[in-house]
Amino acid sequence: MTVLAFFLLLGVVSASSSDHLSRSSPAILNVPQSAWDSLRDKVSDRLHAGYPYGLPCYSSYQNATGIHADAANTDICATIQAGLLQSPTLVTDFGSYHSPSFGTCMATGEKCTLSPSIKENPMAGTCYQGSVPDYYVDVRSVEDIQATLAFADEHNLPVTIKNTGHNYQGRSAAPHTLGIWTFNMQPEILLDEDFTPEGCPASVGPVVTYGAGQMWGGVYDFLANTGYLIVAGTCPTVGAAGGWVQGGGHGPFTPTYGLGVDNTMQMKVVLPNGTFVTANRCHNQDIFFALRGGGGGTFGVVTEVTTKIHKDTSFTFASLGMALPVGAQAVTEIFVENALKWAEEGWGGYLGFGANNLTTFISITPKISVEEAEESLRPIYEYFESVSGGTIPFRKNITTLPSQYAFQNTPEARAFVQEGIGSMIVQSSRLVPKETFQSQESKKALVDALVERSQYGALLVTPYKYEVPDSDRPGGLGQSSVTPAWRQSPWHLVYQEFFDPADDQATAPDAVAGTFRGVSTAMDKIRAMTPNGGAYMNEGDTYEPDPVASFWGEENYSRLLKIKKELDPKNLLSCFKCYMWEFPAYPNEMELTAFDEAPQIQTIPNQ
Ligand SMILES: Cc1cc2nc3c(=O)[nH]c(=O)nc-3n(C[C@H](O)[C@H](O)[C@H](O)COP(=O)(O)OP(=O)(O)OC[C@H]3O[C@@H](n4cnc5c(N)ncnc54)[C@H](O)[C@@H]3O)c2cc1C
Ligand SMILES: *[C@@H]1O[C@H](CO)[C@@H](O)[C@H](O)[C@H]1NC(C)=O
Ligand SMILES: *[C@@H]1O[C@H](CO)[C@@H](O)[C@H](O)[C@H]1NC(C)=O
Ligand SMILES: *[C@@H]1O[C@H](CO)[C@@H](O)[C@H](O)[C@H]1NC(C)=O
Ligand SMILES: *[C@@H]1O[C@H](CO)[C@@H](O)[C@H](O)[C@H]1NC(C)=O
Ligand SMILES: *[C@@H]1O[C@H](CO)[C@@H](O)[C@H](O)[C@H]1NC(C)=O
């Protein structure tokens, strides 16, 4: 644990408790009906009770106010069950989470399970509220957000912001909170070829501007015939303006054009005190710094983002794969040996060794030709050919694609979208810096660790070769708060585990905690060999042993804490694993039992 984190822990002891939002008797259950009625008026009836997505599939339902019989609606349940493998369907409901167990209470096992493996309709048993907020406002305007935050402030209610529910650490769910659901804030996307951020002296060139609920799929469709591309995630249902960019934001074009935070030109945000501000490199730079890397759900409710776009050109695409009859050793050596070369060549995408010994390399690069790519990737396919004397078929497709849109529509990119849907994904990750790939000794240690782990994925989505403009360098007005390790690392290494939310053994509290802890400790070996590495919070480890150093670095973290304290002195926007000053009196339920050893940075030091 870092020195700073140690002081933060001390801060818990001395924190004043009078203002704290209490969990022992959640304030949200004591708000008088007349107060709810007046909020409902202010937000044009868009105040609702939050229900778990699976509720219509159960015969009874238990929330904070009691047990409710006759909950089932078999028609609605049938529709829900039919859509469980459809990400675009899953994101449309407030009570639905992409990694479904985040909507449950993992510490007690109280859940409202949906799974493709369950066919009964309705199911006997009880659907529990779990971690789904009791009430939420389906916000459509700045005024809706302001009214909701003012209400939360008046009644001391912790607020959970939810957009698509993709978050891998459960940050868009929390029990007994007031939800702000941004998903339906989807105004028309605007393209401006010559955009000058508010209050700035000069144009930054072509941009698109979109709302809080916009998903990447919509942005891809919008840009399809414009001649422009954008740095964006491959999954079309990840939100463009929410957690993705506020935590960093990567995609296959990151090696060429930088992270989401690097391409963000302007953000509009409702601060916790209700003030609506515009932040960019010329204006409110502290807020702009915090909103680009500090993490979603922490500093305010972002309503609109403006992002740089780039000339779309044809580029080289490579897709290689083989189910190897032998283990990972040889192919892992090839991946590690070539990591720096491939990073120099601009490859953006994914490589890995997965279930059934399936080896994959799927990437794009605008920097080298198909002929050069054939040469560069030769070690992979020559190895494939050498296996069993070439009698086992393998996939090799190295070709030119005309546009970003064409890449998004390859079967390879589409397959990413399906990964893990319907099951719970538990993961840890590490940004592996270049020095790891520079000595024989460290390369061997890395190969050994990966082979021992067996299944791993390396995302080639780091801005390792991207040149940060002067304005965004440390000390510059446009600096972002993501860990500097991003820019030193050719690999974003990910370990994952999956479990079926319907598996009672796997979802028992001890088992869940064991799975999270297991995937976390599996990464310890890599952490130990990468002291200058870091980690991506959006695809991070729930048990990350040193979140301050891994996600931001000490200096940037203390600046973030200062900004948080100023913007949100009451900590209305407090979410699980948001790290900036969580409530001592309001840990997520998971912390209470199942996650007893999780690192906690609960409160702010007096500075
Ligand atoms: C299938 C899948 C694919 C992914 N692919 C990629 C990828 O290619 N690249 C990548 O970088 N990441 C990827 N991720 C990770 C992704 O960036 C995170 O899950 C991210 O948190 C999602 O943000 P969201 O707004 O869509 O989801 P949510 O879970 O709704 O929100 C995430 C966090 O942001 C906060 N938040 C949401 N909206 C706002 C807002 N308007 N203002 C303030 N806070 C807000 C929430 O409170 C929460 O803390 C992927 C995740 C999944 C599940
Ligand atoms: C609990 O569920 C009941 C029945 O649907 C609903 O009327 C009530 O608003 C819910 N209470 C809370 C606190 O969410
Ligand atoms: C994967 O490789 C291992 C050798 O390391 C082998 O024992 C196993 O049978 C292989 N599995 C498959 C599905 O090919
Ligand atoms: C290679 O990939 C492209 C893009 O998906 C596809 O159009 C083409 O048919 C593929 N070629 C082969 C030989 O698989
Ligand atoms: C913050 O991060 C940057 C890189 O993004 C790093 O160089 C710098 O030293 C860190 N600290 C501060 C206060 O900028
Ligand atoms: C809200 O917070 C911001 C940032 O701290 C501050 O500049 C502004 O004056 C505050 N507004 C009100 C109404 O207190």
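Counting starts at 1 for both ligands and their atoms, in listed order.
- Here the heavy atom of the protein found nearest to atom 26 (O) of ligand 1 is Thr164 OG1, 2.6 Å.
- Interface atoms of ligand 1 facing Ser172, defined by a heavy-atom separation under 4.0 Å, are 28 (P), 29 (O), 30 (O).
- Judged purely by atom type and a 3.5 angstrom limit, Ser489 uses its side chain to pair as donor or acceptor with the backbone of Ala485.
- The OG1 atom of Thr264 lies 11.0 Å from the CD atom of Gln266; values are rounded to the nearest 0.5 Å.
- The N/O atoms of Ile161, backbone and side chain alike, include one that comes under 3.5 Å of an N/O atom in ligand 1.
- Under the 4.0 Å criterion applied to side-chain N and carboxylate O atoms, Asp286 and Arg559 are assigned as salt-bridge partners.
- The single protein non-hydrogen atom nearest to atom 21 (O) of ligand 1 is Asn167 ND2, 3.1 Å, given as residue, atom name and distance.
- Polar contact with ligand 1: absent for His98 (N/O pair, distance under 3.5 Å).
- Polar contact with ligand 1: absent for Thr237 (N/O pair, distance under 3.5 Å).
- Close contacts between ligand 4 and Thr410 involve ligand atoms 4 (C), 5 (O) [criterion: under 4.0 Å to a heavy atom].
- With distances taken over non-hydrogen atoms, the option nearest atom 3 (C) of ligand 4 out of Asn397, Thr400, Ile398 is Asn397.
- Between His310 and Tyr257, the angle of the ring planes stays under 30°, which puts this pair in the parallel group of the 30/60° scheme.
- Asn163 CB, 3.6 Å is the protein heavy atom nearest to atom 37 (C) of ligand 1.
- Backbone and side-chain nitrogen or oxygen atoms of Gly297 are examined, and one is located within less than 3.5 angstrom of a nitrogen or oxygen of ligand 1.
- On a distance-only criterion, Cys235 and ligand 1 share no N/O pair closer than 3.5 Å.
- Each of Asn163, Ile145, Val302 was scored for a side-chain contact (heavy atoms from CB on, under 4.5 Å) with Met185, with one residue passing: Ile145.
- Within ligand 1, the atoms closer than 4.0 Å to a non-hydrogen atom of Gly239 are 26 (O), numbered from 1 in the order shown.
- The six-membered or imidazole ring of Phe102 lies away from that of Tyr97, with a centre-to-centre distance of 6.0 Å or more.
- Trp181 and Phe183 have parallel rings, their planes meeting at less than 30° on a 0 to 90° scale where 60° marks the start of perpendicular.
- By the definition of a contact as any protein heavy atom under 4.0 Å away, atom 11 (N) of ligand 4 is in contact.
- Numbered from 1 in the order shown, with element, the atoms of ligand 1 that lie under 4.0 Å from a heavy atom of Thr234 read 8 (O).
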Note to self: Quick one, Trp486 with Tyr536, criterion ring pair (Phe, Tyr, Trp, His ring centres under 6.0 Å). Give me CA distance, side-chain angles, the key distance, then yes/no.
What the structure shows: CA-CA 8 Å; Trp486 271 114; Tyr536 179 31; 5.0 Å; yes

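- Between His48 and Tyr136, the ring planes lie tilted relative to each other; the angle falls in the 30° to 60° range.
- Cation-pi geometry between Arg292 and Phe289 is not satisfied (NZ or CZ under 6.0 Å from the ring centre, within 45° of the ring normal).
- For a threshold of 3.5 Å applied to N or O pairs, the pair formed by Gly165 and ligand 1 contains at least one separation below that value.
- Less than 4.0 angstrom separates some heavy atom of Gly249 from each of these atoms of ligand 1: 11 (O).
- From the protein, the heavy atom lying nearest to atom 4 (C) of ligand 6 is Leu567 CD2, 3.7 Å.
- Of all the heavy atoms of Tyr536, the ones lying under 4.0 Å from any atom of ligand 1 belong exclusively to the side chain.
- Atoms of ligand 4 lying under 4.0 Å from at least one heavy atom of Phe317, given by number and element, are 2 (O).
- Remark: ligand 1 atoms within the under-4.0 Å shell around heavy atoms of Gly233 are 7 (C), 8 (O).
- Considering only non-hydrogen protein atoms, atom 49 (O) of ligand 1 sits nearest to Arg171 CB, 3.2 Å.
- Not one N or O of Lys162 is nearer than 3.5 Å to an N or O of ligand 1, by distance alone.
- Some N or O of Gly243 is nearer than 3.5 Å to an N or O of ligand 1, by distance alone.
- Between the side chain of Ser481 and the backbone N or O of Gly294, at least one donor-acceptor pair lies under 3.5 Å.
- The distance from the CE atom of Met265 to the CG atom of Asn280 is 10.0 Å, given to the nearest 0.5 Å.
- Residue, atom and distance of the protein heavy atom nearest to atom 13 (C) of ligand 1 are Glu539 OE2, 3.3 Å.
- Classification of Arg487 and Asp262 as a salt-bridged pair holds, one side-chain N sitting under 4.0 Å from a carboxylate O.
- Salt-bridge formation is detected for the pair Asp472/Arg281: a Lys NZ or Arg NE/NH1/NH2 atom is positioned less than 4.0 Å from an Asp or Glu carboxylate oxygen.
- The heavy atom nearest to atom 42 (N) of ligand 1, out of those in Thr160, Val302, Val91, is found in Val302.
- Between Trp347 and Phe361, the angle of the ring planes goes over 60°, which puts this pair in the perpendicular group of the 30/60° scheme.
- Distances from ligand 4 to the non-hydrogen atoms of Pro411 include at least one value under 4.0 Å.
- With Leu431 as the partner, the side-chain contact (heavy atoms from CB on, under 4.5 Å) test is satisfied by one option alone out of Leu459, Thr462, Val482: Thr462.
- Ranking protein heavy atoms by distance to atom 51 (C) of ligand 1, first place goes to Tyr168 CE1, 3.3 Å.
- Between Ala232 and Pro252 the shortest heavy-atom distance is O-CD, 3.7 Å.
- Scanning Met537, His166, Gln246, Glu304 for the heavy atom closest to atom 22 (C) of ligand 1 points to His166.
- Ring geometry, His98 versus His166: the interplanar angle falls under 30°, so the pair is classed parallel (tilted spans 30 to 60°).
- Close approach of ligand 1 to Gly242 (heavy-atom distance below 4.0 Å) involves ligand atoms 25 (O), 37 (C), 38 (N), 39 (C).
- With hydrogens left out, the protein atom closest to atom 4 (C) of ligand 1 is Val238 CG2, 3.7 Å, a heavy atom.
- Nearest to atom 43 (C) of ligand 1 by heavy atom, out of Gly247, Gly296, Gly300, is Gly300.
- For atom 8 (C) of ligand 6, the closest heavy atom belonging to the protein is Asn273 ND2, 3.7 Å.
- The closest protein non-hydrogen atom to atom 12 (N) of ligand 1 is Trp244 CD1, 3.5 Å.
- Protein heavy atom in closest approach to atom 13 (C) of ligand 6: Thr275 OG1, 4.0 Å.
- Residues Leu178 and Thr160 fail the side-chain proximity criterion, which asks for heavy atoms closer than 4.5 Å.
- Trp216 places none of its side-chain heavy atoms less than 4.5 Å from the side chain of Thr237.
- Per-residue contacts place Val301 under 4.0 angstrom from the following atoms of ligand 1 (heavy atoms of the residue considered): 42 (N).
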